[in-house]
Amino acid sequence: MTVFNSRKTEYKDKIRAIATDEPVKLRIIVPRSMNCSCAVLWVAKENESPTYYNMFWAGMCGNDHEYWELHFSATTPGLYWYHFELDTPWGKSFVRNVGHGIGDFAPDGDDFQQTVYDSSFVTPDWLKGGIIYQIFPDRFYNSGKKKRGVRSTRVMRPWGEEPYWREEQMNGIWNNDYFGGDLKGVEEKLPYLADLGVSCIYLNPIFEANSNHRYDTADYERIDPLLGTQSDLKHLCKVAGEEYGISVILDGVFSHTGCDSKYFNLYGNYDTVGAYNSKSSPYFDWYKFIDYPDNYHSWWGIKLLPEIVEENESYRRYICGKDGILRKWMRCGVAGWRLDVADELPDIFLDDLRKAVKEENENAIIIGEVWEDATTKFAYGQRRRYFMGDQLDSVMNYPFADAILNYVRLGNADAFFDAVMSIVENYPPQVTDVLMNHIGTHDTQRAITRLAGENADGYGRHWQYEHNRLSEQNYLKGVSMMKIASLLQYTLPGVPSVYYGDEIGMQGMKDPFNRACMDWEHPNTELHRWYRRLGEIRRGCHVFAQGSFEPVFCRHKTVAYIRSDENSMALVAVNLDDCAVDIPVGREWNGAYTFFGDSITDGIIHLEPYRYSMHTVVK
């Protein structure tokens, strides 16, 4: 019998982060043969001394085991670590984490984690149960509207051609080819997005910059002229919200600017005194010069992207102040921000940012780019406190993305559930409900390519070009794999985020192959119909907004789980094995409404190889 399992309610009644002053019941099951005379809970808040809490004997568990229990709560937010210690006639025994949430007698095991957040911490309800759609603006849709004020050096390309990737194509200037996608184009395609069930558009950077990806901001105060104007953004937000119920969030790139910007002005293209031009520049203290002016810290050593000193008061006031950049664009109707490289933004900046955003609109969303478990992220020489209640609402959920894609490609059910449960266990529930659950972005291979193609890690652009297109057989396989991956993505806790074109089967290796023009002329209609159906299901099943998550079957390459709230339950099962599997789920599921797969008979789901099912019941 298991001594402790932090992922099962019979041992821990709340499998999640807890609020300050919220009790969590902990129970261990100890063999009677140990003659335990005392059990204690050892707890230490991060960087503080431990505290011991006596547990009480709570009765027998069968004839051979006994319960020891207590309720634990914390008065301050933070990361807490715990294990159990038992006094026996043979000395002290320790119950520690041996992996997968299981506690056993292991003196050298790890401590368990308990995240505690401020009880006042809330996240926006409007995103819960929704669908995010990520748009790389230059490549989504060109309205044909005449562009004004565009630099003549920009290379305009016919829609649908392959993005430049060879050095000789660039003529020494990388990321300088454009296809003319714009904000009016996004507005024209709002009916298409609404048909997919989209409730939130996430736009990659739209401020003036001198690359097609626009992560090298040149002017935070101005929309890039190729994309349109401030009025265009206002109109997009207004029409999207009022006519389609779709919110718009922007990409905030605040850890660096472009060297070709009005703030740094390396090439003298702006009518300002940039930091590079003079030490008396109002922007000089924003940057990290080593040997002025040519030697300076830059993002990941890329000299085109000089790093910002985010702690600088002038910079924080410019971005987060009463009339700063954040508020300027929120007053145009923007519903929140995705923060680029949030783990490279210091606490003082994130604190100011949240205050500014929430003062402007308490229902605005703040999503950080963090690739790991955000509760244990270590940066700036300290453990980060993103989810304690005064910084982020959510993060891009790379752990879920890896869990889904690795499971669909490799079929390891145990690894899938371990990755999912780790996040569910560590995150505040209000954060879990708004996690940005993507399976592909502008920074990764297209999902269908990662599933059915070759891994691009470690390979350069020439190799990626040669492997950029799947064979016909692998593409058909990839479509089937995308259906399963998106089914998981749409039904796990959080909010699915679709990278433009994934819903029509677009393929591609890494940048720039994953940033091709939206293929409006040749969509994969089978996959598109599938995504529309998933959107309908999410709109119709409230359980996906805030429902709990419970694994109910895990064997070899087969998984099944339940989402549940006070009114209904949804059951999802996937079999990636090469043989049929019978999954026992209980007779209460007999007669359940079936979305996919066969009906449930005698409490058993029968799944043929490489098949899936989804069912729902009303409580």
Side-chain angles (χ1 to χ4, degrees), residues 1-2 4-16 27 99-102 399-400 403-404 406-408 411-427 429 432-433 437 484-494 534 537-538 541-577 579-619:
M1 184 173 291
T2 302
F4 181 71
N5 190 330
S6 64
R7 298 175 182 176
K8 289 190 177 296
T9 53
E10 54 262 45
Y11 296 92
K12 184 174 183 238
D13 69 342
K14 298 179 178 69
I15 306 172
R16 56 170 174 80
R27 166 192 281 176
H100 311 289
I102 296 174
F400 271 21
I404 292 169
N406 289 338
Y407 169 62
V408 175
N412 188 326
D414 281 326
F416 171 76
F417 272 139
D418 189 45
V420 172
M421 287 305 300
S422 178
I423 296 300
V424 170
E425 185 177 13
N426 290 345
Y427 283 25
T432 304
D433 292 336
N437 290 347
I484 296 173
S486 55
L487 174 62
L488 298 170
Q489 178 192 17
Y490 271 61
T491 57
L492 286 173
L534 291 178
I537 291 171
R538 279 191 68 85
C541 295
H542 186 265
V543 71
F544 295 118
Q546 295 176 271
S548 63
F549 175 84
E550 179 187 0
V552 294
F553 189 86
C554 177
R555 192 176 73 195
H556 196 215
K557 297 184 178 183
T558 304
V559 301
Y561 54 86
I562 292 173
R563 301 292 308 280
S564 178
D565 63 19
E566 59 185 11
N567 298 313
S568 61
M569 296 190 296
L571 173 63
V572 178
V574 175
N575 176 25
L576 298 180
D577 220 329
C579 60
V581 175
D582 287 334
I583 304 172
V585 294
R587 293 182 182 273
E588 66 269 24
W589 287 95
N590 291 349
Y593 180 81
T594 301
F595 292 105
F596 310 116
D598 297 328
S599 59
I600 299 174
T601 304
D602 295 329
I604 301 292
I605 299 175
H606 179 79
L607 280 185
E608 292 295 321
Y610 306 104
R611 297 302 298 166
Y612 45 84
S613 69
M614 181 176 173
H615 314 267
T616 185
V617 295
V618 177
K619 292 182 178 179

Query - Within 6.0 angstrom of His606 NE2, more than 12 heavy atoms from elsewhere - result: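 Yes.
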
Counterpart residues, side chain to side chain donor-acceptor pair (under 3.5 Å), relative to [X] (two or more places apart):
{"X": "Asn5", "value": "none"}
{"X": "Thr432", "value": "none"}
{"X": "Asp433", "value": "none"}

Heavy-atom closest pair, residues [X] and [Y]:
{"X": "Cys554", "Y": "Asp414", "answer": "SG-OD1, 3.1 Å"}
{"X": "Thr601", "Y": "Asn590", "answer": "C-OD1, 3.8 Å"}
{"X": "Asn575", "Y": "Glu608", "answer": "ND2-O, 3.2 Å"}
{"X": "Leu576", "Y": "Tyr610", "answer": "O-CE2, 3.1 Å"}
{"X": "Ala570", "Y": "Trp589", "answer": "C-CH2, 3.8 Å"}

Query raised in the report: Just by modelled atom types, is the Tyr490 backbone N or O under 3.5 Å from a matching donor or acceptor in the Arg538 side chain?
Result: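 Between the backbone of Tyr490 and the side chain of Arg538 there is a qualifying donor-acceptor contact (under 3.5 Å).
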
Report task. May I ask you to decide if Glu425's main-chain N or O and Arg16's side chain share a donor-acceptor pair within less than 3.5 Å? Result ->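 No.
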
**Report entry** Phe553: which of Thr558, Val559, Asp582 passes side-chain contact (heavy atoms from CB on, under 4.5 Å)
**Finding:** Thr558

Query raised in the report: Taking Leu571 as the fixed residue, which of Val617, Val552, Ile583, Thr594 is the one that meets the side-chain contact (heavy atoms from CB on, under 4.5 Å) rule?
Result: Val552

Would you compute the distance between atom [atom1] of [X] and atom [atom2] of [Y] and round it to the nearest 0.5 angstrom?
{"X": "Ile15", "Y": "Lys8", "atom1": "CD1", "atom2": "NZ", "answer": "8.0 Å"}
{"X": "Asp598", "Y": "Arg611", "atom1": "CG", "atom2": "CZ", "answer": "9.0 Å"}
{"X": "Arg563", "Y": "Ser568", "atom1": "CZ", "atom2": "OG", "answer": "10.0 Å"}

Report task. Walk me through it: do Thr616 and Ile537 pass the test side chain to side chain contact (heavy atoms under 4.5 Å, CB included)? Result -> CA-CA 10 Å; Thr616 185; Ile537 291 171; over 6 Å; no

Query - Partners meeting ring-ring contact (aromatic ring centres under 6.0 Å, His included) with Phe595 (sequence neighbours left out) - result: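 With sequence neighbours excluded, Phe595 shows a ring-ring contact (aromatic ring centres under 6.0 Å, His included) to Tyr593, given in chain and number order.
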
Report summary line: Those residues at least two apart in sequence (or on a different chain) that pass ring-ring contact (aromatic ring centres under 6.0 Å, His included) with Phe549 are Tyr561

Requested in this report: Test Ile600 against Glu588 for side chain to side chain contact (heavy atoms under 4.5 Å, CB included), laying out the working first.
Outcome: CA-CA 10 Å; Ile600 299 174; Glu588 66 269 24; over 6 Å; no

Query raised in the report: Sequence neighbours excluded, which residues qualify as salt bridge (Lys or Arg N to Asp or Glu O under 4.0 Å) partners of Asp577?
Result: none

Query raised in the report: Do Ser564 and Glu550 have side-chain N/O donor and acceptor atoms under 3.5 Å apart?
Result: no

Report task. Anything under 30° is parallel, anything over 60° is perpendicular, the rest tilted; go ahead and classify Tyr407 against Phe416. Result ->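 Tilted: the ring planes of Tyr407 and Phe416 meet at 30° to 60°.
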
